[in-house]
Number of protein chains: 2
Amino acid sequence: MTIDPPAVKSVSEKTHTKAALPPPETNRLLCELPPDVKLRINPHLELVELKLGQVIGEAGCKMRYVYFPVDSIISLLYVMENGASAEIAVVGNDGMVGVALFMGGESTTSRAVVQSAGYAYKLFGQRLKDEFNRHGALLYLLLRYSQVLLTQMAQTAVCNRHHSIEQQLCRWLLLSIDRLPNDHLLMTQELIANMLGVRREGVTDAAGKLQRQGIINYSRGHIEVVNRKLLEATCCECYNVVKHESERLMPPGHCGKF
Amino acid sequence: MTIDPPAVKSVSEKTHTKAALPPPETNRLLCELPPDVKLRINPHLELVELKLGQVIGEAGCKMRYVYFPVDSIISLLYVMENGASAEIAVVGNDGMVGVALFMGGESTTSRAVVQSAGYAYKLFGQRLKDEFNRHGALLYLLLRYSQVLLTQMAQTAVCNRHHSIEQQLCRWLLLSIDRLPNDHLLMTQELIANMLGVRREGVTDAAGKLQRQGIINYSRGHIEVVNRKLLEATCCECYNVVKHESERLMPPGHCGKF
DNA sequence: TGTCATATGTGCGTTACCGCACATAGTGAT
DNA sequence: ATCACTATGTGCGGTAACGCACATATGACA
């Protein structure tokens, strides 16, 4: 029952033995690529382990690699001058980290932090750009994904403005477990507070309410969603808006259909 | 001295007589295009007048046209189920409205509203897509602009989370006058409140403070920035972050240099 | 000039969240 | 078993923004 940071590693290793590495297709973007693109890209993909809290992209620094999460989750976090922070968007096996590379900026104003340990496929930035500049399926796929990101950011802005900590916590939990294999996540309330840009005590309050309603169970860095339906009902509209828009923009089986 | 909605029209007409239409180059994006692209695009650009409050793109509805503002300002506004709203980003002659067209989504979850009346060049969506699909300078220019939008949205999210109404009002004023020919804007506190997603009284308070500090002058729908330096000093970091990132991503004279 | 709609000012109690201080409880290391 | 560390619980005063009600001022227009 006990899962601590080192244990996470062993769990991951157990899941992904040499005999059963998660294929690149575990990532939605890599999956949707047509065969010819895969042939060019896949040989250069490198499966890497990402540890909780690891920074894979710093604000203002040129990104050398892009990452396609398979079972890890990456937070795009904005850190202000005074140290306060806020999550801008979250990326799991539905997306990639490093859109600034093909957008032309090479860097962004936000930091990419591992929010849930796991694996990701890493690709050298120039390789991505080369394929992007062939102006084929990859370009159109990444463009659509960029719009998903845009939508998520916009919704985050709105949610920050109008919704309570409890509602935002619900949204955050839903976004997280959607990107995880089960309804169990490793995350302290302190870290969640950093993501949401609120006080730790505020998260304690909100989480307490959810626990008392039988929506979640948590203790010392573990959170389990036990009643997803109720969680969705308690959440603000923001989660559903983002989810539906993502599904609209990136329907499954889109590869080669651009 | 009196400028009301009808007067705005006459002012605009005075400025842009048949003899002196603002050229497409008044818009930064159109300006940066290399000659061959201009040759293909410009014949299809249509100068249109945009009235205050006009909706040129509705959430969830396919956009038929894209707009390149010349002296108008467009707000990307998210309207929630309960009617509350918040501005996600603002577009002036530095950008365009309708990125969803080339991103592939055809529509977004936000509404595009005219925040400041004026003119814009309108282009049929398919024309833009056609040029985009030539995979030339336009593609790379619009990608960079998309990153500017992304940055602006991210910063809006953070600003909503951490900064006071007064600071946000400063940011909003600066973003606005940067896109206007002078330091004078037509905007009631009620409308500003809608943009910022706060109460009208909150804007009254904040505006009152700024006025008492000699930073702005306002009365019945007119706001004039009289001390920009002080305004910037009173503002949060958000304005400068977005401004610098925009300048980095879209330096002048970039055309043909992709 | 008077009238009216609209924009702005102001006061009040309420709420959500903050910042801080400190108490309590799991958990790993020894 | 003990200790130290970290995560979580809780209380308290302070503050920013809210919702509401209503007062006042300004400019447009008859």
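None of these values were measured; they are calculated from a predicted model. Each chain gets a letter, A, B and so on, in the order the sequences are listed, and its residues count up from 1.
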Using a heavy-atom cut-off of 4.0 Å across all strands, would you classify A/Gly221 as base, sugar-phosphate, or nothing?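 Sugar-phosphate, no base atom in range.
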
Between B/Gln189 and C/dT6, is there a side-chain N or O to OP1/OP2 distance below 4.0 Å?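 Negative; the distance criterion is not met.
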
Which residue pairs pass the ring-ring contact (aromatic ring centres under 6.0 Å, His included) test with at least one member in residues 161-182 of chain B, sequence neighbours excluded? none

Provide a list of protein-nucleic acid N or O atom pairs under 3.5 angstrom, restricted to nucleotides 23-25 of chain C.
none

Can a side-chain donor-acceptor contact be found between B/Ser176 and B/Gln115 if the only test is distance below 3.5 angstrom?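 A donor-acceptor contact under 3.5 Å links the two side chains.
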
Quick check on contacts: within residues 72-90 of chain A, what sits under 4.0 Å from DNA chain C by heavy-atom distance?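 Hits under 4.0 Å, by residue number: none.
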
Please list, in numerical order, the residues of residues 203-216 of chain B that have a heavy atom closer than 4.0 Å to any atom of DNA chain C.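 Per residue number, the list reads B/Thr204.
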
Test of understanding: with salt bridge (Lys or Arg N to Asp or Glu O under 4.0 Å), list the residues that count as partners of [X], not counting sequence neighbours.
X: A/Lys209; answer: A/Glu166
X: A/Glu245; answer: A/Arg248
X: B/Arg228; answer: B/Asp178, B/Glu232
X: A/Glu46; answer: none

Rounded distance in Å - [atom1] ([X]) to [atom2] ([N]):
X: B/His222; N: D/dG27; atom1: NE2; atom2: P; result: 8 Å
X: A/Ile192; N: D/dG9; atom1: CD1; atom2: C1'; result: 16 Å
X: A/Arg199; N: C/dC20; atom1: CZ; atom2: C1'; result: 9 Å
X: B/Leu196; N: D/dA17; atom1: CG; atom2: P; result: 11 Å
X: A/Tyr218; N: D/dA7; atom1: OH; atom2: C1'; result: 10 Å
X: A/Asn194; N: D/dA7; atom1: CG; atom2: P; result: 11 Å
X: B/Leu186; N: C/dT6; atom1: CG; atom2: C1'; result: 15 Å

Please report the shortest heavy-atom distance between B/Asn227 and B/Gly214, naming the atom on each side. CB-O, 3.6 Å

Mind listing the closest non-hydrogen atom pair of B/Ile165 and B/Ala206 along with its distance? CG2-CB, 4.0 Å

Can I get a per-line list of side-chain donor-acceptor pairs under 3.5 Å for residues 190-203 of chain A, giving both atom names and the distance, sequence neighbours left out?
from	atom 1	to	atom 2	distance (Å)
A/Arg200	NH1	A/Thr204	OG1	3.0

Side chain to side chain contact (heavy atoms under 4.5 Å, CB included) against B/Asp94, all qualifying residues, sequence neighbours excluded: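 Scan of B/Asp94 (side chain to side chain contact (heavy atoms under 4.5 Å, CB included), adjacent residues dropped) gives B/Arg179.
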
Verify side-chain contact (heavy atoms from CB on, under 4.5 Å) between A/Thr26 and A/Asp71, making sure each step is shown before the conclusion. CA-CA 8 Å; A/Thr26 314; A/Asp71 60 354; over 6 Å; no

Measure the NE2-CE distance between A/His222 and A/Met187 for me, rounded to the nearest 0.5 Å. 11.5 Å

Interatomic distance, B/Met153 atom CE to B/Glu87 atom CD [nearest 0.5 angstrom]: 10.5 Å

Given C/dG9, D/dC20, D/dG9, which nucleotide is nearest the side-chain atoms of B/Glu201?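 It is D/dC20.
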
If you take any heavy atom closer than 4.0 Å to DNA chain D, which residues from residues 160-169 of chain B end up in contact?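 Nucleic-acid contacts, sorted: B/Ser164, B/Ile165.
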
Excluding sequence neighbours, so at least two apart, what forms ring pair (Phe, Tyr, Trp, His ring centres under 6.0 Å) with B/Tyr65?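 For B/Tyr65 the ring pair (Phe, Tyr, Trp, His ring centres under 6.0 Å) partners, ignoring immediate neighbours, are B/Phe124.
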
Side-chain-base donor-acceptor pair under 3.5 Å for A/Arg200 and C/dG19: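 Side chain to base: no pair below 3.5 Å.
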
Toward the 5' end of DNA chain C, which comes first, A/Val198 or B/Met187, by nearest nucleotide?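 The residue whose closest nucleotide sits nearer the 5' end is B/Met187.
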
